[in-house]
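Read through the structure below, which is laid out as structure tokens, and then see the notes.
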Amino acid sequence: MTRTISFTLDGKTVSAREGQSIWDVAKEQGTLIPHLCHADRPGYKADGNCRACMVDIEGERVLAASCIRTPTDGMIVHTATERAEKARKMVVELLAADQPERNDSYDPDSHFWKMADLNGIDGSRFPARPLPTEDLSHPAMAVNLDACINCNLCVRACRDVQVNDVIGMAGRGAASKVVFDLDDPMGDSTCVACGECVQACPTGALLEKSVVGAPAIDRDVDSVCPFCGVGCQLTFKVRDDKILFADGRDGPANQGRLCVKGRFGFDYIHNPERLTKPLIRKAGVAKADIEGLDPANPLTHFREASWEEALDVAAQGLLKVKADKGPAGLAGFGSAKGSNEEAYLFQKLVRTGFGTNNVDHCTRLCHASSVAALLETVGSGAVSAPFNEVENSDVIVVIGSNPGVNHPVAATYFKNAVKRGAKLIIIDPRGQALSRYATHMLQEKPGSDVALLNSMMHVIVKDGLTDEAYIRDHTENFEALKTHLEDFSPEAMQERTGIAPEQIREVAHLFATAKAAIIFWGMGISQHVHGTDNSRCLISLSLMTGQVGRPGTGLHPLRGQNNVQGASDVALIPMFLPDYQSVEDPVIRGRFEDFWGAKIDPNQGLTVVEITEAIHHGTIRGMYIMGENPAMSDPNVTHAREALSMLDMLVVQDLFLTETAAYADVIFPASAWPEKDGTVTNTNRQVQMGRAAVPLPGEARQDLWIIQQMAKRFGLDWQYDHPRDVFDELTQVMDSIKGLSWDRLDREGSVTYPCESPDDPGQPLIFTDAFPTPSGRGQFVPASLVSPDETPDREYPVILTTGRLLEHWHTGSMTRRSAVLDAVEPEPVVHMPPAMIEELGIQPGDYVKVSSRRGHLKIRARADGGVQAGLIFIPFCYAEAAANVLTNDALDPFGKIAEVKFCAVRVEAAPDQAPTPQDSLQPPADPL
Ligand SMILES: Nc1nc2c(c(=O)[nH]1)N[C@H]1C(S)=C(S)[C@@H](COP(=O)(O)OP(=O)(O)OC[C@H]3O[C@@H](n4cnc5c(=O)[nH]c(N)nc54)[C@H](O)[C@@H]3O)O[C@H]1N2
Ligand SMILES: Nc1nc2c(c(=O)[nH]1)N[C@H]1C(S)=C(S)[C@@H](COP(=O)(O)OP(=O)(O)OC[C@H]3O[C@@H](n4cnc5c(=O)[nH]c(N)nc54)[C@H](O)[C@@H]3O)O[C@H]1N2
Ligand SMILES: [Mo]
């Protein structure tokens, strides 16, 4: 129990919790004491340096800074004595002397000027100490230290909250100032542009560039970030129906924090290339004719059409396929970028309108193998604990995941935990931004995770570190695993993993003996032909040590897209109905048939890559693709593009004329996230409410409306006037969220599922007593060694791994249309070990040609000391050097995920000339 303190505040007896400051209690009582260096946000320690919050304490000679002073029993505090008010006014007036004229300043509405207003100060009698250091070197943020009051908030933002350690103070006395790195211009520093400092700055000395000079925002709209699965709550800052930037809100996942995309990455929705009219392919324009198609000018290949006509042509084309080939001739890819409501209606349309279970989405290329393993072993595919539980962990494992880049706000919590003393073990063939915070960095050979994890478990068993009671009470099949692990000593595995046995022993002991250890994993685990095996090992590791079901422990596959968790939950997948109920189970299917009033195909549908194959075989002839860009994101993309070009009817619903839309017969201009109301579910199982901030451009329409218009043309009589009507239906068919309602989410902003009743607060930690398996126990499933599908050889001696960059989103369709994001990473690069660049006899920045058995591309080389010998890394966001031209489409047999993290390539120095668009499209050159 925390102690409470009773004291008198402005004549009233009040109580404070232990550790609460006078400032906090006053705020709770409805009194806002002026404050400048005090952020009043989670993660920021009060500093008490500016003295703008002074209060009078009876019996004390000097005033006290209320933000750092904690009350004691019986203390008598006055916030508004003449002495206190005078002191506060003086502080603000002295600081105002150094400020630029209010109307000339970057931000006349800054917190500083609001506090000056509160103190009744509108200028200063004192001389200024001009520090005219304007720094506009960064594409997103402006620095004007003239307005800086040295309150130190930006330093705390950068050091304590986001833990980037870029900002510091230099100089002394009147010369002291804020600096980036070694007093570099901000744009040249190691700043990752999370913008935390800008949000914290009370004066506008650090400010979003988009509002410099014209700062009046006319609307604040609370929503959720549409980029990654972290699910940061934010406020869109809108002027003239344009989003200028976003501020973080105090959501459960982010507590006010954001990253560069979530703060500065929204101008893609205002990009002139946005689709604003329905388009129909012109007669006689061939589908493969993608070259020369300019997204800014689709009219060379398409003609504009009315909605009525476009919808009719699309539906008739798909209906014709259905008539010719049967329902199995159709397939749909829904979107993990839209809302739960959209995903649910999309799969319902495919299942009950098209009449097939051929419905899937990007989860197949993402955590499909993790989910397969989790369902098999612990009966649930979602995370067992929110990532914020690292607060209670003493050991954190990050394996095959690059959160500093891909889940940047989650990574800040990992760094906070390390600062507190937690051990961070990173297992990855590549060094990464988080490596410098790792206490243990295991830079293994690519694709060697089963060997590595089995050898860790071997040590745990041999050294008697298993949790026998947990194994006895909560698991089954341990004996089989134990026998299986005999052959996996760290010595026997060293050749495969490249990791010294002592290191394996050390981390095995750390993990097993930790009071609370948690595992985070990502695409480095899932995107292999042995992805399911990789996850099985992680689950076994966690079960045998009892590191699950308690605070600070757990299994957390970091989910990628903003709504990939939700889209999967509502059944945008070919084998399940909502809540992962098997479509092959006649009882379950019968229930849905009654509820939906339609027949459902009793057979599972095809998955993403299988659909590509089925098109090549002529079985699938018509597709509806909403909010996915498979012509860039699918493995072996030349083959996938060929498939798209073979369809009789391809309907694409997107924001832009993407590489996929280039193959479409009909294109629907859709709604971007900031234009819609809807719910999304993040990696933590938190269902959150998003709200429309700006109107749709031109004739673009809500995705929910478009899906329903298509449904109507398939004879479905739906009546959903608002997303809330769809959400109501979701709560009726999904037990996991039956305690939720639209109104509750609108009110609370975020609720974690499972949530059983309206007064269930939601359950962040699961598996506390039992697993949702038939026996209630977790299963050990032993995993054997399986080599990558395509290993290096003489012709293709180098390993290619692919992935992401901080500033870009997947296929680049959104982020390459965002000015700030594209300015930071404008051009494709291949990350290579410096020694490889030397061997090729080239300089960083020179072009190389990278070829695989499936294709080749030309791309500039970047030296990257984090990439190990024999490996290269290419991000897959650049159409002009599309990494997936090279990747392998071999599948994991359980999750049906492709091995985009491993294939064999050849790297050659290329003539010093820019590549042409054809370079990434042509079939592979003859290898010899
Ligand atoms: N900026 C940005 N953020 C994103 C996205 C984006 O496109 N851009 N996409 C979102 C989506 S959908 C997803 S799924 C997530 C993905 O987030 P992550 O899972 O972090 O994805 P990747 O960067 O593809 O790969 C993760 C790590 O796996 C490592 N790796 C490669 N091969 C192996 C291996 O054999 N073993 C091990 N142990 N590691 C290996 C790579 O070096 C890399 O560091 O990010 C989400 N966030
Ligand atoms: N080589 C390689 N390939 C990979 C991966 C890898 O690591 N390496 N990772 C895989 C993974 S994990 C994933 S998740 C996939 C991602 O693959 P995709 O999902 O195909 O990639 P995105 O670029 O996110 O595509 C989203 C599309 O939706 C559009 N969009 C955005 N918001 C909306 C909306 O509200 N409504 C509509 N209608 N459209 C919208 C965007 O413009 C964009 O075209 O890529 C996979 N492919
Ligand atoms: Mo993903």
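For ligands, and for the atoms within them, numbers begin at 1 and follow the listed sequence.
A salt bridge does not link D822 to R817: none of the charged nitrogens lies less than 4.0 Å from a carboxylate oxygen. A salt bridge links R816 to E880: at least one charged side-chain nitrogen sits closer than 4.0 Å to a carboxylate oxygen.
With sequence neighbours left out, the salt bridge (Lys or Arg N to Asp or Glu O under 4.0 Å) criterion links E699 to no other residue. Evaluation of the side chain to side chain donor-acceptor pair (under 3.5 Å) rule for R701 yields no partner, not counting sequence neighbours. With sequence neighbours excluded, the residues that form a side chain to side chain donor-acceptor pair (under 3.5 Å) with R274 are E675.
At a 3.5 angstrom cut-off on N or O pairs, T887 does not count as close to ligand 2. Of the polar atoms of D634, none of the N or O atoms is found under 3.5 Å from an N or O of ligand 2, judged by distance alone.
With a heavy-atom cut-off of 4.0 Å, S671 touches ligand 2 through its backbone alone.
For N534 (side chain) and S526 (main-chain N/O), no donor-acceptor pair under 3.5 Å exists by modelled atom type.
Every atom of ligand 2 is numbered from 1 in the order shown, and the set under 4.0 Å from a heavy atom of T658 is 44 (O). Here is the list of ligand 2 atoms found below 4.0 Å of a heavy atom in K676: 34 (C), 35 (O), 36 (N). The D703 neighbourhood of ligand 2 comprises atoms 34 (C), 35 (O), 36 (N), 37 (C), 38 (N), with distances under 4.0 Å to a heavy atom of that residue.
A donor-acceptor contact closer than 3.5 angstrom is absent between the side chains of Q565 and N682. Between the side chains of E790 and Y796, no donor N or O sits under 3.5 Å from an acceptor N or O.
Contacts of ligand 1 (protein heavy-atom distance under 4.0 Å) are C228, K261, C366, I399, G400, S401, N402, V405, N406, H407, I427, D428, P429, R430, E444, P446, G447, D449, G522, M523, G524, H528, G560, Q561, T801, G803, R804, L805, L806, H808, W809, H810, K901.
Ring-plane geometry between W705 and W307 is classed as perpendicular, the angle between the planes exceeding 60 degrees on a 0 to 90 degree scale with a lower cut at 30.
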